[in-house]
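Numbering starts at 1 and runs along the sequence shown.
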Amino acid sequence: MAHVVQPLDQPSNYKDSQARVDRQKQNELLAKSTTLYIGNLSFYTTEEQIYELFSKCASPEEGGGIKRIIMGLDRNTRTPCGFCFVEYYTPAEALASLRYVSGTKLDERIIRCDLDLGYREGRQFGRGKSGGQVRDEHRTDYDPGRGGWGAQAQRMEIERRREVEERYADAQEGPGAVAGGGEDWKQPEGAPEKQDLKRGRSPEDEAESERMGARARLEDDTERM
């Protein structure tokens, strides 16, 4: 009879691209593995939090326990980048964590656990082009627990801002450019001086103005009498 529910203590089909072993050899090593790979961690989760959670599956009374925790780091900044390795003393403890801890929440994030072939020096660093994990390289959503936008989205935003700044600089420095906010419009060099467009007063206008003034004075004198 086929299994209706998939066993919770089975490793995934993931194969490390840098591991020089075939699939059969990998399965043999995983059957005896004492190491777990933990993914989808927040960048702000501490080693102490990880130890507290995974020690619940440790068996110190049987000679077990957590041997060490290796935090995953950004290759460039040497800061946590969302994964780690938990190494136990016995395979039974690793299987218990795979069964009971994988899929639970840590720092409000659902973490993923998987049996690992074993930690080797250098595996603590992210393999993405920007130094972090590959999954954060192409991520397009905003995830505050994993540094905000994905690295590719951040690069696109930086490039967009640079283009806007360059266009603004060209508008400020090119021919016929205008000044910054609050200043007068700049007049291009060699342009003719502004002409006074106000029409001058003709002799007829002057005579009419004098007649209007005399009439106003006469009316004023009449009112005072």
Side-chain angles (χ1 to χ4, degrees), residues 2-19 21 23 25-75 77-128 131-137 139 141-148 150:
H3 291 288
V4 177
V5 180
Q6 183 179 0
L8 299 178
D9 56 357
Q10 295 298 311
S12 70
N13 292 323
Y14 171 77
K15 185 179 187 301
D16 186 357
S17 59
Q18 296 184 1
V21 294
R23 178 67 66 179
K25 182 63 175 179
Q26 174 180 295
N27 293 337
E28 294 174 0
L29 293 173
L30 290 177
K32 300 180 291 184
S33 176
T34 61
T35 304
L36 287 173
Y37 170 88
I38 316 301
N40 201 39
L41 291 172
S42 166
F43 287 4
Y44 307 102
T45 298
T46 64
E47 184 175 337
E48 289 76 14
Q49 290 174 281
I50 296 170
Y51 184 90
E52 181 180 0
L53 176 61
F54 284 87
S55 63
K56 298 181 183 300
C57 294
S59 304
E61 66 281 357
E62 299 178 5
I66 295 178
K67 185 176 181 179
R68 60 176 176 169
I69 296 174
I70 302 97
M71 299 295 293
L73 303 175
D74 185 288
R75 187 173 63 255
T77 63
R78 296 299 196 266
T79 56
C81 64
F83 72 99
C84 75
F85 297 92
V86 176
E87 188 173 320
Y88 287 99
Y89 281 100
T90 67
E93 294 170 305
L95 284 176
S97 287
L98 186 61
R99 180 180 297 150
Y100 301 118
V101 179
S102 185
T104 61
K105 277 191 174 182
L106 178 60
D107 258 0
E108 299 302 318
R109 300 184 66 84
I110 297 178
I111 61 174
R112 301 187 302 271
C113 305
D114 199 7
L115 287 178
D116 190 80
L117 296 177
Y119 172 76
R120 298 186 310 278
E121 186 61 33
R123 291 191 64 198
Q124 74 270 37
F125 299 122
R127 298 177 181 176
Q133 286 193 276
V134 176
R135 60 165 294 198
D136 290 316
E137 191 73 27
R139 182 169 50 79
D141 63 319
Y142 184 83
D143 190 338
R146 296 185 69 89

Distance in Å, [X] [atom1] paired with [Y] [atom2], rounded so as to fall on 0.5 Å steps:
{"X": "K32", "Y": "L115", "atom1": "NZ", "atom2": "CG", "answer": "13.5 Å"}
{"X": "N40", "Y": "C113", "atom1": "CG", "atom2": "SG", "answer": "10.5 Å"}
{"X": "L73", "Y": "C81", "atom1": "CG", "atom2": "SG", "answer": "6.5 Å"}

Flag, side chain of [X] to backbone of [Y], donor-acceptor distance under 3.5 Å:
{"X": "R135", "Y": "G128", "result": "no"}
{"X": "T104", "Y": "V101", "result": "yes"}
{"X": "R139", "Y": "G148", "result": "yes"}
{"X": "E93", "Y": "I66", "result": "no"}
{"X": "T46", "Y": "Q49", "result": "yes"}
{"X": "T35", "Y": "G118", "result": "no"}
{"X": "S33", "Y": "D116", "result": "yes"}

Would a 4.5 Å heavy-atom cut-off, applied to side chains only, mark [X] and [Y] as touching?
{"X": "D107", "Y": "L41", "answer": "no"}
{"X": "I38", "Y": "F54", "answer": "yes"}
{"X": "F85", "Y": "R68", "answer": "no"}
{"X": "F83", "Y": "Q124", "answer": "no"}

request  = Tell me, yes or no, whether the heavy-atom count around E28 atom CD, taken from other residues, nucleotides or ligands under 6.0 Å, exceeds 12.
outcome  =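 Yes.
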query = Shortest non-hydrogen contact from G103 to I110?
reply =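 Minimum heavy-atom contact is O-CG2, 3.6 Å.
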request  = Before accepting this row, confirm whether a basic side-chain N of the pair R109/D143 lies closer than 4.0 Å to the acidic partner's carboxylate O.
outcome  =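 Result for this pair is yes, salt bridge flagged.
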query = Is R112 positioned over the aromatic face of Y37, cation under 6.0 angstrom from the ring centre and no more than 45 degrees off axis?
reply =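 R112 over Y37 ring: no.
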